[in-house]
Amino acid sequence: MANKERKYYIPVEKELIEVNEEIYKAYYRPIWRTQYHARKNGECRCPKSQIWKCDGICIGCEYYREGKKISLDMPIDDSGEITLGDTVVDESAHVEDIIVDIEMLNALYDELERLDPEGQRICELMMNHSERESAELMGMSRSTFKRHWAKLQAELKECLKDYYI
């Protein structure tokens, strides 16, 4: 049978509707992809004679099986008391650390506002530029700029010493 004579159908409200090849492939491509991955992971046990009934929704299908999926609740010892989730380290920041950081940032902003205009400008420039570029923008020699910058850093460090361990 030639490709032009072939008929394509997709199910719409439990009825088969004839469509062209392009619509057929657009409809079934995600289903075929799901089938492929489910079979690869040992989740789909559909017999070949029934594969045409697949709608791509594996969970709830009579041929669905647990495959190679791993859960954080899966026990990893014989007693069943220790799970995989117990072995994962929580790398998120602690609430206390976040609060201290916010307080330190607010204190830093307060100290920056108390600086003279030249000090504020130096800090602004150093946030976005290199030392060399900042010195040029300020119209200073690099050594003068470095001296001012070091003095500002020392002042800010002294003002914020309570936040350092």
Side-chain angles (χ1 to χ4, degrees), residues 10 19-46 54-61 63-165:
I10 61 171
V19 295
N20 64 25
E21 183 179 7
E22 184 181 340
I23 292 173
Y24 175 83
K25 286 184 177 182
Y27 177 82
Y28 276 106
R29 232 179 232 118
I31 294 172
W32 293 332
R33 191 176 309 117
T34 301
Q35 284 176 343
Y36 171 78
H37 289 292
R39 285 183 167 278
K40 183 178 171 185
N41 291 322
E43 297 167 3
C44 181
R45 305 268 167 101
C46 276
C54 184
D55 59 0
I57 303 171
C58 294
I59 297 184
C61 175
Y63 301 110
Y64 176 77
R65 300 288 180 269
E66 290 295 324
K68 299 177 185 175
K69 292 185 179 174
I70 297 175
S71 168
L72 291 176
D73 297 328
M74 178 184 288
I76 59 171
D77 67 343
D78 293 333
S79 68
E81 293 178 17
I82 299 176
T83 65
L84 187 59
D86 294 333
T87 64
V88 177
V89 178
D90 183 12
E91 295 180 6
S92 60
H94 296 285
V95 175
E96 298 86 12
D97 295 337
I98 295 171
I99 292 170
V100 169
D101 288 347
I102 290 171
E103 287 179 9
M104 184 169 87
L105 191 59
N106 288 333
L108 176 61
Y109 284 136
D110 292 342
E111 291 302 321
L112 287 173
E113 286 179 17
R114 289 189 193 117
L115 291 176
D116 59 293
E118 182 184 58
Q120 289 178 349
R121 180 76 175 137
I122 289 173
C123 290
E124 286 175 20
L125 289 172
M126 285 304 292
M127 285 192 292
N128 300 311
H129 301 284
S130 68
E131 228 173 57
R132 185 181 312 267
E133 293 169 334
S134 299
E136 286 176 16
L137 291 169
M138 289 288 292
M140 301 179 174
S141 69
R142 189 166 176 209
S143 59
T144 304
F145 182 84
K146 283 175 79 170
R147 190 173 61 251
H148 285 283
W149 177 232
K151 181 182 170 192
L152 279 169
Q153 286 177 312
E155 282 180 38
L156 291 172
K157 206 174 237 181
E158 179 63 30
C159 294
L160 301 173
K161 67 182 174 195
D162 297 337
Y163 294 97
Y164 291 102
I165 297 174

R121 side chain near E118 side chain, heavy-atom distance below 4.5 Å: no

N106 CG to D101 CG distance, which is reported to the nearest 0.5 Å: 11.0 Å

Whether Y24 and Y28 hold their rings parallel, tilted or perpendicular, with breakpoints at 30° and 60°: tilted

Non-hydrogen atoms of Q120 and L115 that approach each other most closely: NE2-O, 3.5 Å

Closest non-hydrogen atom pair, A135 against S141: CB-O, 4.1 Å

Nearest-0.5 Å distance that lies between atom CD1 in I98 and atom CD in E103: 12.5 Å

From K40 atom NZ to Q35 atom CD, the distance as rounded to the nearest 0.5 Å: 15.0 Å

From E158 atom CD to E111 atom CD, the distance as rounded to the nearest 0.5 Å: 10.5 Å

Separation between CH2 of W149 and CD1 of I122, rounded to the nearest 0.5 Å: 8.5 Å

Salt bridge flag under 4.0 Å for residues R132 and E136: no

Test item: F145 and M126 side chains (from C-beta on) under 4.5 Å apart, heavy atoms: yes

Interatomic distance, R114 atom CZ to L156 atom CG [nearest 0.5 angstrom]: 11.0 Å

Note, L152 side chain near C123 side chain (heavy atom, < 4.5 Å): yes

Heavy-atom side-chain contact between E133 and L125 under 4.5 Å: no

Closest approach of P30 to A26 (non-hydrogen atoms, all atoms of both residues): CD-O, 3.5 Å

Within 6.0 angstrom of R142 CZ, more than 12 heavy atoms from elsewhere: yes

